[in-house]
2 protein chains.
Amino acid sequence: MKSKRTSLQDIADVVGMTKMTVSRYLKNPQLVAPSSRIQIENALNNMGYIPNRAPNILSKGKSYAIGVLFPSISNHVFDEVLRGIESVTEPAGYQIMIAHYAYSPQLEEKRIASLLSFHVDGLILSESVHTQNTLRMIAGSGVPVTEIMDTRKPPIQQAVGFDNEEAAKQMTERMLSKGYQNITYIGAKGDVRDLARQQGYEIAVKKVGREPIIFRSPEITSMRLGSEILHNILAIRPKIDAAICTNDDVAIGMLLSCKKKGIRVPDDIAITGMHGHEMGQLTSPALATVITPRFKIGQVTAQQLIARINGATNSETHIDLGFEIYEGESM
Amino acid sequence: MKSKRTSLQDIADVVGMTKMTVSRYLKNPQLVAPSSRIQIENALNNMGYIPNRAPNILSKGKSYAIGVLFPSISNHVFDEVLRGIESVTEPAGYQIMIAHYAYSPQLEEKRIASLLSFHVDGLILSESVHTQNTLRMIAGSGVPVTEIMDTRKPPIQQAVGFDNEEAAKQMTERMLSKGYQNITYIGAKGDVRDLARQQGYEIAVKKVGREPIIFRSPEITSMRLGSEILHNILAIRPKIDAAICTNDDVAIGMLLSCKKKGIRVPDDIAITGMHGHEMGQLTSPALATVITPRFKIGQVTAQQLIARINGATNSETHIDLGFEIYEGESM
DNA sequence: TTGAAAGCGCTAACAG
DNA sequence: CTGTTAGCGCTTTCAA
């Protein structure tokens, strides 16, 4: 257990050759004599050799690793994004290193520093706001970076996602067209996308001459949060007849709590979410939501990033993959 | 953008000293002359220097990184475990590298190889079954490994978790004591823990002279899966009056579908889950479940692992952190 | 207070 | 077909 890791030299010693021959065997067995091949193969199998990437990272400056930063791993929005990323990185031979930062730019900075210190070849970020230091490090590292989910803000280098403001605006308009009079926006610990959605909502309600009604919690989104917010809303604003939530988690929390309290959805209150998680289709009523192209965001992002790692320079700075309004049964 | 990463030498060149002086400044500014300090500090700030861990990994064989393998990042069971892990690794200065393997031992092997090739100092695995190759690599690497979640099987080195078989057995007994006559076990794509739970269920029902009734899907657990399974069960076995599910996701999927179909829980069918996710407390009825110490599992695992990385040898091979039956309202 | 040399494990480039 | 040499970026050790 205490033994140190098997190195190429250890293998070479056992078979009585130099590590160079063993190295060749590893890259291309054709290059070594058949008799040597067998010996090396045996030694390799017995000794549990694991290649060490550090020397290569050092001499070539390439790690074949991509750093992926998510605000939180319990935010199910990113499950599909990750699958999309891996659908590209896996066949391309890149390893991804996932980290999360609890929606904090300071923690994001720390994570990025850490990922860069491992010499990742590229970064996928889920945020469009960063600390000064983060920006400096990214510039100094020279690695390509893609920011995902939103396409509004000018990105560091490239953004892949959809227009959150427009999505919320269209959803609000749809709700208005259904006759809801007092629609409220439910926000949570605000990343920029949440605020963009709120803005879309505000634009839509103001356009029809109404005052926005905002509920905003400093907590991270969760179903429990949605449930708590519902209680508050009822206590403070009994005449609200519809709620557009920053995401499906919050919306489902509200919806389940309504059912628990005997409040009818959508008759007493309409509820809509954002992202189109499968879970929203299991509730009754099925949740109205904005279906976002999460898998595709991951996929396109990884393709773009790998292309740029390999020298592509003609990439678009904004790639908007659109969205789709789904009415479900909750509005 | 195409510029290569800033190195210590680059900084040294700018300030007209050797990289050694800059290196000293980074570790302990006291060691360099105040006049030099200022120059170095300025250069550092302007050039966005990121320390490169590769040389240290190479020369010291230590990366201050811990590899964490989860079967799937969309399995919410592991959210809390991760939080527990990070509550220890963060203050201790260890970076964690998360990877997932879709419940496949082959993929797990690939991921472990990759993590080890980055020279992680320790590994946290979520599975107790591994390929031959995996075991050989782990032995060859000499890194400490802890397997989490279950404490039944003999671990590679150390296991931290609870007794899945006993948990399911006790839950089944509780259900039997409430008078349910035809309890079925709902399993999914079976990791060993799922099978252990099934076994606990079987032991309990056989003890009272009944035949086990098993529904097992080859799919990964999800709420949607629970929903589908409910439909099948009703088609095939209308007289089942209770279901013990392999986890909360499946149980909630079943529960929501029951409500959608007008089946009363627990009057028509009782449903119980496993793990105690907060979501289960938002449904009505609140889900009966086994509350498992997930945060603590992560915490204890990380403590143990770091101790062993630093040479501790007196660790227990099995650490059982227990569980708690919660009746909720669904049984 | 600063510098110079050596070495971590591997591979590219160049012999032989 | 196989060996030798050098070097990636940093820190440890020794010297000045």
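By convention in this document, chain letters (A, B, ...) are assigned in the order of the sequence lines, proteins followed by strands, and residues within each chain are numbered from 1.
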* To do: Check the distance between C:dA12's P and A:Leu26's CG and give it to me in whole angstrom.
  => 12 Å
* Distance, rounded to the nearest Å, where A:Leu8 contributes CG and D:dG3 contributes P -> 13 Å
* Donor-acceptor pair between B:Asp194 and B:Tyr103 side chains, under 3.5 angstrom -> no
* **Value in whole Å for how far the P atom of D:dC10 lies from CG of A:Leu116** => 14 Å
* Asked: Rounding to a whole Å, what distance do you find between B:Lys27:NZ and D:dT12:C1'?
  -> 10 Å
* Strand contacts (DNA chain D) in residues 38-47 of chain B, 4.0 angstrom heavy-atom criterion -> none
* For atom NZ of A:Lys19 and atom P of D:dA6, their distance in whole Å -> 13 Å
* **Proximity to the side chain of A:Ala33 - top-ranked nucleotide from D:dT2, C:dA13, C:dA4** => D:dT2
* Asked: Is B:Lys189 atom NZ crowded by more than 12 heavy atoms from other residues, nucleotides or ligands, each under 6.0 Å away?
  -> yes
* Structure fact -> Per nearest nucleotide of DNA chain C, the residue lying toward the 5' end, A:Gln9 or B:Ser35, is B:Ser35
* **Nearest-angstrom distance from the residue atom CZ of B:Phe118 to P of C:dC10** => 15 Å
* Looking only at side-chain N and O atoms, does A:Thr21 come under 4.0 Å of OP1 or OP2 in D:dC1? -> no
* Quickly work out the A:Met17 CE to C:dC10 C1' distance and round it to whole Å. => 18 Å
* Could you tell me whether B:Tyr64 atom OH has more than 12 heavy atoms of other residues or ligands within 6.0 Å of it? => no
* Asked: Under 4.0 angstrom, heavy atoms only, what part of the nucleic acid is A:Tyr49 near: base, sugar-phosphate, or nothing?
  -> sugar-phosphate
* What is the distance from CZ of B:Arg37 to C1' of C:dT1, rounded to the nearest Å? -> 11 Å
* Which of residues 50-66 of chain B have a heavy atom under 4.0 Å from DNA chain D? -> B:Asn52, B:Pro55, B:Asn56, B:Lys60
